[in-house]
**Q** 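Quick one: the structure is below, questions incoming.
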Amino acid sequence: MTEKRIVVLLSGSGSNLQALIDATQSGRINGRIVAAISNKPDVKGLERARDAGIDALLLDHTQYESREAFDGALQALIDQQDPDLIVLAGFMRILTADFVRHYLGRMFNIHPSLLPKYKGLHTHQRAIEAGDSEHGCTVHFVTPELDGGPLILQAAVPIAADTSVEKLQQQVQLREHDIYPLAVEWFCAERLTLETSSVILDGVQLPASGQRV
């Protein structure tokens with residue numbers, strides 16, 4: 001099976017990038033991260049990429065007059081890498097529909113909530129304020145609907161009565177580092193596909209809520 005080419009998009013520390021680097025370097029994932037692209041300069045994620053021998057590329061969104069212009073330049077930069085999979089790892093940009101459609105079925109995102117709950121920002125605070133008993137994270141295929149693509153994997157974290165936003169965020173992030181490499185592993189092993197709006201794993205359609213681990 002051909003080794004898959006992976007491009008990671010990020011805007012910050014790149015902790016999920018590091019989890020993916022570790023999983024590819026260990027041979028767990030039948031793939032190679034060929035580039036990490038940030039829309040912000042001087043972030044830790046680019047340093048992690050350079051340390052791993054991965055091309056660390058900057059495309060500063062502030063240099064573009066519109067979202068469409070930036071996404072066009074980003075698409076051109078990604079396509080130069082000839083990727084099989086694009087992984088959003090803390091990429092803090094809302095992507096245009098044309099960009100998303102170009103990569104439909106081969107772009108993942110991870111979101112810090114048990115989708116469809118708490119799309120958007122401040123998910124940990126919202127879960128605590130709602131009195132939820134659990135929170136978590138979700139890997140999903142990216143579609144034009146923000147945080148609304150078909151779900152692949154979810155991992156739950158119990159919410160303790162005395163928890164803080166910071167502590168809950170740390171707990172959820174640890175689970176992100178578990179499930180993101182797993183979803184990428186499945187995709188690169190050609191076990192996982194998106195067919196219309198259904199996620200197929202090993203020939204079987206996953207439930208709309210994705211698979212819990």
Side-chain angles (χ1 to χ4, degrees), residues 1-25 29-111 138-150 152-153 176 180-190 192-195 199:
M1 190 184 300
T2 305
E3 183 182 68
K4 300 298 187 285
R5 297 172 61 84
I6 303 165
V7 170
V8 177
L9 307 185
L10 56 89
S11 300
S13 70
S15 67
N16 275 305
L17 169 65
Q18 188 64 56
L20 294 169
I21 289 171
D22 295 343
T24 53
Q25 289 183 342
I29 291 174
N30 179 40
R32 180 167 61 92
I33 302 171
V34 295
I37 303 172
S38 174
N39 66 308
K40 294 184 177 180
D42 304 320
V43 294
K44 177 70 173 178
L46 291 177
E47 181 183 331
R48 292 181 193 270
R50 285 190 290 267
D51 288 347
I54 296 166
D55 281 348
L57 307 175
L58 171 65
L59 192 70
D60 188 342
H61 68 275
T62 64
Q63 302 304 304
Y64 293 84
E65 61 184 16
S66 68
R67 190 178 302 278
E68 290 76 15
F70 173 77
D71 280 9
L74 179 61
Q75 181 176 313
L77 183 60
I78 293 170
D79 287 350
Q80 289 174 16
Q81 309 299 324
D82 191 26
D84 298 289
L85 178 66
I86 295 90
V87 178
L88 308 183
F91 188 62
M92 302 305 291
R93 296 281 301 172
I94 296 175
L95 298 165
T96 56
D98 285 346
F99 179 93
V100 171
R101 281 192 286 266
H102 183 70
Y103 299 111
L104 193 64
R106 54 192 180 112
M107 182 159 59
F108 288 173
N109 184 44
I110 192 160
H111 184 73
T138 305
V139 181
H140 64 94
F141 281 101
V142 178
T143 64
E145 180 187 353
L146 179 65
D147 299 330
I152 302 167
L153 272 168
E176 291 180 11
Y180 221 179
L182 180 56
V184 172
E185 177 186 347
W186 288 347
F187 184 92
C188 291
E190 299 180 0
L192 181 73
T193 57
L194 178 64
E195 297 182 10
V199 179

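Both backbone and side-chain heavy atoms feed into the values below; hydrogens, waters and symmetry mates do not. FYI, the numbering just counts along the sequence from 1.
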**Q** Main chain of Gln75, side chain of Tyr103: is a donor-acceptor contact present, judged purely on distance under 3.5 Å?
**A** yes

**Q** Looking only at heavy atoms, which two atoms of Phe141 and Thr193 are closest? And how far apart?
**A** CZ-C, 4.0 Å

**Q** Would you call Asp51 and Arg48 a salt bridge, using N to O less than 4.0 angstrom?
**A** no

**Q** Would you say the side-chain atoms of Arg5 pair up with the backbone N or O of Gln81, donor to acceptor, closer than 3.5 Å?
**A** yes

**Q** Rounded to the nearest 0.5 Å, what separates atom CG in Leu88 from atom OH in Tyr180?
**A** 5.5 Å

**Q** Provide the closest heavy-atom pair for Ala89 versus Leu10 in the form atom of the first, atom of the second, distance.
**A** O-CB, 3.4 Å

**Q** Can you tell me how far the CD atom of Gln25 sits from the CD atom of Gln18, to the nearest 0.5 Å?
**A**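 It comes to 7.5 Å.
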
**Q** Show the numbers, then the answer: is there a side-chain contact (heavy atoms from CB on, under 4.5 Å) between Ile78 and Ile37?
**A** CA-CA 8 Å; Ile78 293 170; Ile37 303 172; 3.9 Å; yes

**Q** How close do Ala183 and Val139 get, counting heavy atoms only, and between which atoms?
**A**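 The answer is CB-CG1, 3.8 Å.
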
**Q** Does a salt bridge link Glu47 with Lys44, judged by any charged N lying under 4.0 Å from a carboxylate O?
**A**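 Answer for the salt bridge query: yes.
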
**Q** If you round to the nearest 0.5 Å, how far is CG of Leu95 from CG of Leu9?
**A** 7.5 Å

**Q** What's the shortest heavy-atom distance between Asn39 and Ser11, and which atoms?
**A**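 Asn39 and Ser11 have their closest heavy atoms at OD1-OG, 2.5 Å.
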
**Q** Could you go step by step and tell me if Trp186 and Ile152 meet the side-chain contact (heavy atoms from CB on, under 4.5 Å) rule?
**A** CA-CA 10 Å; Trp186 288 347; Ile152 302 167; 4.3 Å; yes

**Q** Rounded to the nearest 0.5 Å, what separation is found between the NE2 atom of His61 and the OG atom of Ser38?
**A**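 The OG atom of Ser38 is 9.5 Å from NE2 of His61, to the nearest 0.5 Å.
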
**Q** At their closest point, which heavy atom of Met1 faces which heavy atom of Cys188, and how far apart are they?
**A**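 Met1 and Cys188 have their closest heavy atoms at SD-O, 3.5 Å.
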
**Q** Give, for atom CZ of Phe70 and atom CD of Gln63, the distance between the pair rounded to the nearest 0.5 Å.
**A** 11.0 Å

**Q** Examine distances only and state if a side-chain atom of Asn109 and a backbone atom of His140 form a donor-acceptor pair shorter than 3.5 Å.
**A**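 No, the answer is negative, given that no donor and acceptor are paired below the 3.5 Å cut-off.
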
**Q** With the side chain counted from C-beta on, respond yes when Phe108 and Val184 share a heavy-atom pair under 4.5 Å apart, and no when they do not.
**A**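 Result yes, sub-4.5 Å side-chain heavy-atom pair found.
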
**Q** Can you tell me how far apart CD (Glu176) and OG1 (Thr138) are? Round to the nearest 0.5 Å.
**A**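 Separation between the atoms: 9.5 Å.
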
**Q** Report yes if the side chains of Phe91 and Ile86 come closer than 4.5 Å at any heavy-atom pair, otherwise no.
**A**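 No - every pair of side-chain heavy atoms lies 4.5 Å or more apart.
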
**Q** Less than 4.5 Å apart, any side-chain heavy atom of Asp55 and any of Val34?
**A** no

**Q** Is there a donor-acceptor contact under 3.5 Å linking the side chains of Thr62 and Asp60?
**A**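 On atom types as modelled, these side chains qualify, holding a pair under 3.5 Å.
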
**Q** Answer whether the closest heavy-atom distance between the side chains of Glu190 and Lys4 falls below 4.5 Å.
**A** yes

**Q** Is a side-chain N or O of Arg106 found less than 3.5 angstrom from the main chain of Pro83, in a donor-acceptor match?
**A** yes

**Q** Closest approach of Gly148 and Thr143, non-hydrogen atoms and distance?
**A**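 Taking Gly148 first and Thr143 second, the nearest heavy atoms are C-OG1, 3.9 Å.
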
**Q** Donor-acceptor pair, distance only, cut-off 3.5 Å: does the side chain of Asp71 make one with the backbone of Phe99?
**A**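 Not confirmed, Asp71 side chain does not pair with Phe99 backbone.
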
